[in-house]
Amino acid sequence: MLPREQLRAKSRINAILYHVNRENRGAQLLLSRTHPEMLSALMQKEVPEIAEQIIEIRNVARLPGTRAKIAVKTNDHRIDPVGACIGMRGTRIQAVQQELDGERIDVVVWSDDPAQFIISALEPADVSSIILDEDTQTADIIFSTNDQLARAIGSQGQNVRLASELTGYKLNMMLEEEYQQRQQNESKAFIELFYERLEVDKDLAQALVDIGFTSIEEVAYVPVETFYDIEGLDDEAIEMIQERAKEVVIADELVKQQNMKEPSQELQELEGMTVNWAYKMAQKDIITVDDLAEQAVFDLEDIEGLDSETAGKLIMKARESWFNE
């Protein structure tokens, strides 16, 4: 049910059937008015273009009874997907809102360009610039004024929360001054890194940062041509810098391997254990079967892929040695 919603016996309502529990005594039907599919179904009912698949619903994000965002795409360039969903004088979208107890619905144009999609999802705020990291699915969103930042965040953070859910990106909101300050701090940190670890002078460290280097690994393994933008750096100097960077990377890897704790063979061969779990446990100082026997299930809950039931079985298997002595 929607918040503040009161239903009476024999009232006629719209709801989405989202699950069926089949039991010996019959089937239990689970209905919802807060499920995202509920909004999709109502839009399909009110907007003929959606029912006819001329307009496609790509994603839905809801704060049930309060606010929602729905991403749509047109399969016919002659049709405006937002206008079609809203309807003449807003009649179509208003019918859906009334059914959902006044839930405010933003219709967003879907785009296969993540940056454009995020900008559309944050409307009515005006985004100054956006920096994407598609590997981590995060985006830095920069605004020129406090008013635009506040508009993007929305009341109680509703706008940014829904935009994040709709696009699948974690959105970091900031003003231009904050972003510039962060960039300066990061640049200083990278300059110090290259100055200390590569033993180059501050000017060369600054030049490496200016052309985009952010790690020793990048310096070590990028193509030689990448360095040609640095004035006064010949091939011999580039080779020396890359060799020094490779030495640092190798040395760091050796230190990492030396500090890597190894689980005992007995722990690795424990019934139900995997090698991956054993090594993850070793990093938590669980080296032997006896070490595992002394743990509780919650001590292992942060090991990826190991659920609480399996963790409990492994602990009990480890404790068998206590009772066999």
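The shown structure was predicted, so the numbers you read here are calculated from the model rather than taken from an experiment.
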Start with the C-alpha distance between Glu218 and Thr214, add both sets of side-chain angles, then the distance that settles side chain to side chain donor-acceptor pair (under 3.5 Å), and finish with yes or no. CA-CA 7 Å; Glu218 290 177 354; Thr214 59; 3.2 Å; yes
Residues [X] and [Y] bridged, charged N to O under 4.0 Å:
{"X": "Arg67", "Y": "Asp106", "result": "yes"}
{"X": "Lys280", "Y": "Asp302", "result": "no"}
{"X": "Glu271", "Y": "Lys317", "result": "yes"}
{"X": "Glu49", "Y": "Arg92", "result": "yes"}
{"X": "Arg151", "Y": "Glu123", "result": "no"}
{"X": "Arg33", "Y": "Glu99", "result": "yes"}
{"X": "Glu309", "Y": "Lys313", "result": "yes"}
{"X": "Asp112", "Y": "Arg58", "result": "no"}

Show the nearest heavy-atom pair for residues Ser264 and Val289, with the distance to one decimal.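 Heavy atoms only, the tightest pair is OG-N, 4.4 Å.
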Inter-residue atom distance [X].[atom1] - [Y].[atom2], 0.5 Å rounding:
{"X": "Tyr169", "Y": "Thr136", "atom1": "OH", "atom2": "OG1", "value": "8.5 Å"}
{"X": "Leu42", "Y": "Glu103", "atom1": "CG", "atom2": "CD", "value": "9.5 Å"}
{"X": "Gln183", "Y": "Asp140", "atom1": "CD", "atom2": "CG", "value": "8.0 Å"}

Would the Phe227 and Phe213 ring centres measure less than 6.0 Å apart?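 Between Phe227 and Phe213, the centre distance is under 6.0 Å.
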Test side chain to side chain donor-acceptor pair (under 3.5 Å) on Asn159 and Lys69 and set out the steps. CA-CA 9 Å; Asn159 196 53; Lys69 288 183 182 287; 2.8 Å; yes
Assess whether salt bridge (charged side-chain N to carboxylate O under 4.0 Å, His left out) is satisfied between Asp133 and Lys170, documenting all intermediate values. CA-CA 10 Å; Asp133 187 335; Lys170 180 182 178 183; over 6 Å; no
Begin from the C-alpha positions of Gln295 and Asp291 and carry the test side chain to side chain donor-acceptor pair (under 3.5 Å) through to its verdict. CA-CA 7 Å; Gln295 307 304 310; Asp291 291 336; over 6 Å; no
Side chain to side chain, Glu199 and Arg244, heavy atoms closer than 4.5 Å: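 Yes, their side chains come closer than 4.5 Å.
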Can you find a pair of side-chain heavy atoms, one from Ile141 and one from Leu122, that are under 4.5 Å apart?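 Ile141 vs Leu122: side chains touch.
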